[in-house]
Amino acid sequence: MGQGQSNPNGSTFYAFGGAGAPHHSSQPPLKFNNKHGDNCQILRDGTQAKRGESFCKGIVFSDRPVEIGERVCIRLTELSIRWSGVLRLGFSSHNPVTIQNLPKYACPDLTGKPGYWAKALTERYAESNALIHYYFTSNGDVHFGVNGVDKGLFFSGVDTRQPLWCMIDLYGNCTAIEMVDMRRSLNNFAGESEQQESAVNTPEIAPHLLPDTIENVSNALNNLTVSNSNEGQVPLRFNSVSQFRDLAFHNSTGPNVTLNGDRSIVWRHDDEYSNGYVFTEQPVRLGERFVIQILSTENMYIGSLAFGLTSCDPNLLDTSGLPEDSDMLLDRPEYWVVSKDVANTPDIGDELSFLVNEDGTVEFSKNGAIPSVFMHVDSSVNLWAFWDVYGNTQRLRLVGATGDPVIRADQIRQDSVASRENDRNNMSMTDLVDIDQHTLDTPPVPPRSRSSHNIVNRTPVNPSLAQTTNPPIPTQPESPQPSSSRGQDSRNGSDECKICYEATVDCVLYMCGHMCLCYQCALQQWKGRGGGICPMCREVIQDVIRIYRS
């Protein structure tokens with residue numbers, strides 16, 4: 001019987017033998033190294049690591065190098081709801097014993113240095129009791145899988161010419177993991193012979209493990225297959241307890257999309273990237289939140305889902321005349337408001353929530369995050385919601401409408417400096433989700449939505465929030481003024497770069513005017529892995545201007 005331990009307050013970390021190694025490896029079971037982040041504790045004779053306070057400083061390593069092809073599997077059973085982001089998984093060529101001081105984050109604090117490789121796990125995989133495995137190959141590729149199904153390449157570029165230690169950052173909402181050696185019960189070697197893997201019988205599972213989950217995943221791990229199916233519905237994670245009223249898409253659609261029988265799912269045709277317009281069948285109700293879910297993506301295209309509201313009744317609309325670029329809708333005679341790329345870098349299973357309030361503010365939330373206002377509309381007229389299934393977004397499901405709030409009372413996170421820092425770090429390093437402007441220390445900026453008409457609200461609205469078709473004239477950003485909320489020194493974060501948290505802010509992003517990054521991180525955000533988008537407001541960066549303080 002394989003060695004396996006499970007704890008309702010921890011995650012299980014499985015280790016499997018690697019390619020080229022004998023079935024009964026002479027290597028000892030993996031345990032955690034005594035070198036770990038300041039907020040971590042190593043428990044149970046080195047088999048369990050648990051993060052305490054805050055959301056960071058949770059980096060841990062294996063106590064020995066990992067072999068090529070040695071599959072490492074993690075079962076998640078303790079997840080917090082206070083933060084955003086989850087595990088960072090990777091490898092290090094540095095012996096943990098020789099590392100002097102560990103920083104707050106594996107990404108980017110360590111991955112920006114030679115000999116460290118890691119990537120953030122997508123949040124939709126971080127479900128209770130989910131099993132996640134990953135391993136590296138001889139050519140430096142790192143593959144991963146979920147619940148026994150291989151998901152393919154995770155990242156690449158690992159130098160395998162030297163010993164590599166497993167490196168995990170217990171970040172954000174993942175707070176504990178536990179190592180268990182399962183090699184004597186599961187013959188899961190990432191070798192080239194699939195026949196050798198499939199020949200192993202179903203293992204006997206310890207009684208204290210979850211029988212259904214572990215047995216099913218154990219069998220699946222013996223016969224790994226790549227799942228390409230995007231046809232079925234993906235279970236809701238962040239809105240599973242909400243009571244939804246049925247909604248359907250309107251029959252009038254763009255020429256490049258098709259609806260299913262009950263008009264709850266829409267998909268864009270193969271080899272097309274635009275003209276994927278769909279509308280709600282009925283006007284939206286003020287104060288009622290409607291939710292869509294991403295069912296399929298296509299990474300070969302750039303650009304993403306667009307969302308908007310219009311006074312144009314879809315029954316009267318000639319959809320054949322709709323433009324490829326949704327910005328061109330603003331030239332039409334009807335009232336249109338549109339925001340492009342509302343789900344930048346979408347993942348399958350993402351849940352996007354939209355809410356039109358009586359005062360004309362439109363709130364957006366992704367995956368249960370705190371809603372943020374990103375659009376202002378004229379709420380005195382009937383408005384139909386519409387989406388353009390564009391670019392890397394391929395298939396959507398209209399879940400329905402609900403009066404339930406996106407954040408339940410038991411899920412409200414503390415508005416603390418740590419929460420804001422967690423949001424900013426996770427946003428800049430992973431999915432670039434929107435942050436509520438009220439949770440930031442910076443002045444609010446105009447939303448990226450554009451309107452074809454001046455907006456008439458029953459309550460006064462800052463004119464800068466209602467953009468017309470003419471592009472705004474860039475203005476010189478104001479110099480930040482000291483305030484009691486920011487503190488009188490850089491220890492409260494006013495002068496620290498919001499990505500590396502080490503260097504001083506010494507540049508301004510053009511055109512939004514945010515001063516939040518050091519020059520090196522700003523260049524990476526503009527031209528590198530940041531996607532060319534300001535981490536504060538998601539405006540496109542057109543230039544980075546170096547500043548010099550007197």
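- The aromatic rings of Phe354 and Trp387 sit perpendicular to each other, their planes meeting at more than 60°, with 30° as the lower class boundary.
- We find that Arg546 and Asp506 are joined by a salt bridge, their nearest charged nitrogen and carboxylate oxygen being less than 4.0 Å apart.
- Checked options Val266, Leu317, Leu329; the residue passing with Tyr277 is Leu329 (criterion: side-chain contact (heavy atoms from CB on, under 4.5 Å)).
- Side-chain contact between Arg397 and Leu236 is present, with heavy atoms from C-beta onward closer than 4.5 Å.
- Interatomic distance, Ser353 OG to Gln293 CD, rounded to the nearest 0.5 Å: 12.5 Å.
- Taking the charged nitrogens against the carboxylate oxygens, Arg263 and Glu281 do have a contact shorter than 4.0 Å, which makes a salt bridge.
- Using modelled atom types, one finds a donor on one side chain and an acceptor on the other under 3.5 Å when comparing Thr361 with Asn357.
- Taking the six-membered ring wherever Trp is involved, the centroid distance between the rings of Phe144 and Phe154 falls below 6.0 Å.
- In this structure the side chain of Leu309 never reaches within 4.5 angstrom of the side chain of Trp384, judged on heavy atoms.
- For the residue pair Glu324 / Asn275, no side-chain donor-acceptor distance below 3.5 Å is found, with atom types taken as modelled.
- With respect to the salt-bridge test (charged N to carboxylate O, under 4.0 angstrom), the residues Asp388 and Lys340 do not qualify.
- Using bins of under 30°, 30° to 60° and over 60° for the plane-to-plane angle, the ring pair Trp336/Phe386 lands in the perpendicular bin.
- Using a 30° and 60° split on the angle between ring planes, Tyr390 and Tyr273 fall in the perpendicular class, above 60°.
- No donor-acceptor contact under 3.5 angstrom links the side chains of Thr504 and Asp495, judged on distance only.
- When each of Arg237, Arg395, Lys366 is tested with Asp350 by the rule salt bridge (Lys or Arg N to Asp or Glu O under 4.0 Å), just one qualifies, namely Lys366.
- With 3.5 Å as the limit, one finds no donor-acceptor pair spanning the side chains of Gln524 and Trp526.
- There is a side-chain donor-acceptor pair under 3.5 Å between Asn315 and Asp313.
- If you check the side chains of Thr258 and His269, you find a donor sitting under 3.5 Å from an acceptor.
- Ionic pairing of Glu363 and Arg289 is not present here: no N-O contact between side-chain nitrogen and carboxylate oxygen is shorter than 4.0 angstrom.
- Distance CG/Asp378 to OG/Ser311: 8.5 Å, rounded to 0.5 Å.
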